Every structure is written in C-alpha cells, then in structure tokens.
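In what follows, a structure is listed as structure tokens, so that the remarks can point back to it.
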Amino acid sequence: MITLKSEGFSLVEVVIIVGILSLGLLVFTRVFPYGFEVKRKAENYSRVGILAQNLMEDIRRDGYKMLDKKYPEVSSGYGKGNGKFKKYPGVNWQVEWWQTDVPNLRKVRVIVYDNERENSPSRIEIVTYIAKRY
C-alpha cells in the first residue's frame, strides 16, 4: 500500500490562519489607543494630586496668619482665592478657609482641577485644619 505524505500547509489552511491573525491584530489595534487614553488620564490625576499636595504644604508652612493675606476674607470668618499654576496653565486651584467654632482654628480646603472644569474627573480636594501659633 502506498501512502502519500503531505508536508507543509495547504492553501486553505494558510488563508484560515491569516484570517484569524488579521482579526486578532484588528482587535489589538482597536484596543491599543484606549491604553494611551488611560495612561494620559492617570498622568493628569497624578499631576493634579501632586499640585494639590504642594499647595496645601505651602499653606501649612505659611501658617494661620498668612491665610488672610493670600486668600482674602470674603465674609466674616470665610476667605477664598483661586488661580492657575504657572507651569500648568490648564490646571486651576481654589483655596477656601473658614473660622471654626474653636477659637484660633481654621478649616482649609484646597481644590485642584484640570481642563478648566471644576467638576473634571481629575479633581482633587484636600482638607486640613490650621491653628494659630503664639
């Protein structure tokens, strides 16, 4: 009995494999840009968080008395200020402070957000209390 050995792939098998690989690559190329978008959002969120933390540290370092000077009193016991970061013009900040019921203790809130939208997804809010030192 004579048997024929077939070596290699037939044309139909090659076409099927190329089709499957093409579909896989198509799916991969459609998902790939989403990774870049997620990376960009994570970088923005990190940047906003670091800027908020730095601003709050500056406020804590300056102390209780500088709150009035840097963020003027809008009404009795309440002050406010806002602006943009010089290095990051698309990132805004807002600082508010309130006099608490405890004498010589103020509540301070720092809000940092990007894209000039106060309700942006990269919005960070930090709250702390600052006491008057004698």
Side-chain angles (χ1 to χ4, degrees):
M1 177 176 232
I2 301 174
T3 59
L4 295 175
K5 286 188 171 183
S6 62
E7 294 183 24
F9 298 103
S10 70
L11 182 59
V12 174
E13 292 171 329
V14 171
V15 168
I16 290 172
I17 290 172
V18 168
I20 291 171
L21 288 174
S22 297
L23 286 174
L25 287 174
L26 181 64
V27 169
F28 180 73
T29 57
R30 302 231 30 209
V31 173
F32 199 66
Y34 293 118
F36 284 124
E37 181 66 20
V38 169
K39 179 183 173 283
R40 186 188 63 76
K41 286 181 180 179
E43 287 173 349
N44 284 343
Y45 199 70
S46 294
R47 180 183 308 114
V48 167
I50 290 168
L51 291 172
Q53 185 176 6
N54 288 342
L55 182 57
M56 182 60 84
E57 289 301 319
D58 289 344
I59 291 169
R60 291 182 69 204
R61 184 184 61 243
D62 292 342
Y64 184 93
K65 293 179 182 179
M66 290 300 289
L67 282 173
D68 291 334
K69 294 177 183 174
K70 284 190 166 184
Y71 315 104
E73 200 166 11
V74 176
S75 62
S76 180
Y78 173 75
K80 188 175 182 179
N82 56 26
K84 293 179 181 251
F85 291 95
K86 291 178 184 177
K87 286 179 115 178
Y88 304 99
V91 181
N92 300 329
W93 59 266
Q94 180 179 351
V95 174
E96 296 176 292
W97 61 266
W98 299 267
Q99 187 63 45
T100 63
D101 293 337
V102 177
N104 300 319
L105 182 68
R106 291 180 176 170
K107 179 179 181 179
V108 180
R109 177 170 64 180
V110 169
I111 302 170
V112 178
Y113 51 95
D114 70 346
N115 295 330
E116 300 181 7
R117 295 182 317 215
E118 196 166 340
N119 295 322
S120 75
S122 298
R123 181 179 189 264
I124 297 284
E125 183 175 319
I126 301 175
V127 177
T128 193
Y129 291 87
I130 296 180
K132 186 176 185 179
R133 295 182 185 172
Y134 293 99

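Side chains are part of it too, since the values below use all heavy atoms of this structure and drop only hydrogens, waters and symmetry mates. Everything numeric here is computed off the predicted structure, so don't read it as measured data.
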### Cluster check F28, F36: I/L/V/M/F/W/Y, side chain < 4.5 angstrom
yes
### Query
Does V12 belong to the same Ile/Leu/Val/Met/Phe/Trp/Tyr cluster as I20, with side-chain heavy atoms less than 4.5 Å apart forming each link?
yes
Measure the [atom1]-[atom2] distance between [X] and [Y] for me, rounded to the nearest 0.5 Å.
X	Y	atom1	atom2	answer
T100	R106	OG1	CZ	9.5 Å
E57	I126	CD	CD1	8.5 Å
N44	Y88	CG	OH	10.5 Å
S75	Q99	OG	CD	12.0 Å
E73	D68	CD	CG	6.0 Å
L67	I130	CG	CD1	5.0 Å

### Query
Do V127 and K107 touch side chain to side chain, with heavy atoms closer than 4.5 Å?
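Yes, at least one pair of side-chain atoms sits under 4.5 Å.
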### Task
Evaluate the criterion side-chain contact (heavy atoms from CB on, under 4.5 Å) for residue pair I111 and R123; output intermediate values, then yes/no.
CA-CA 7 Å; I111 302 170; R123 181 179 189 264; 3.4 Å; yes
### Message
Counting neighbours of CD on Q53 that are heavy atoms of other residues, nucleotides or ligands and sit closer than 6.0 Å, is the number greater than 12?
### Response
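Atom CD in Q53 is not packed in, count stays at 12 or less.
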### Task
Count the heavy atoms of every other residue, nucleotide or ligand shown that sit under 6.0 Å from CZ of R40, and state whether that count exceeds 12.
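Correct, the count exceeds 12.
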### Task
Take F85 and V112, measure what side-chain contact (heavy atoms from CB on, under 4.5 Å) needs, and give me the verdict at the end.
CA-CA 10 Å; F85 291 95; V112 178; 3.9 Å; yes
### Message
Could you go through R47 and E43, starting from their C-alpha distance and side-chain angles, then the distance that decides it, and tell me whether this counts as salt bridge (charged side-chain N to carboxylate O under 4.0 Å, His left out)?
### Response
CA-CA 6 Å; R47 180 183 308 114; E43 287 173 349; 5.2 Å; no
### Query
Looking at L51, I124, V95, T128, which one forms a side-chain contact (heavy atoms from CB on, under 4.5 Å) with V110?
V95
### Task
Could you list all the salt bridge (charged side-chain N to carboxylate O under 4.0 Å, His left out) pairs where at least one residue sits in residues 85-101, not counting sequence neighbours?
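Those involving residues 85-101 are E96-R109.
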### Query
Quick check: does any side chain N or O of W97 sit under 3.5 Å from a backbone N or O of Y71, one acting as donor and the other as acceptor?
yes
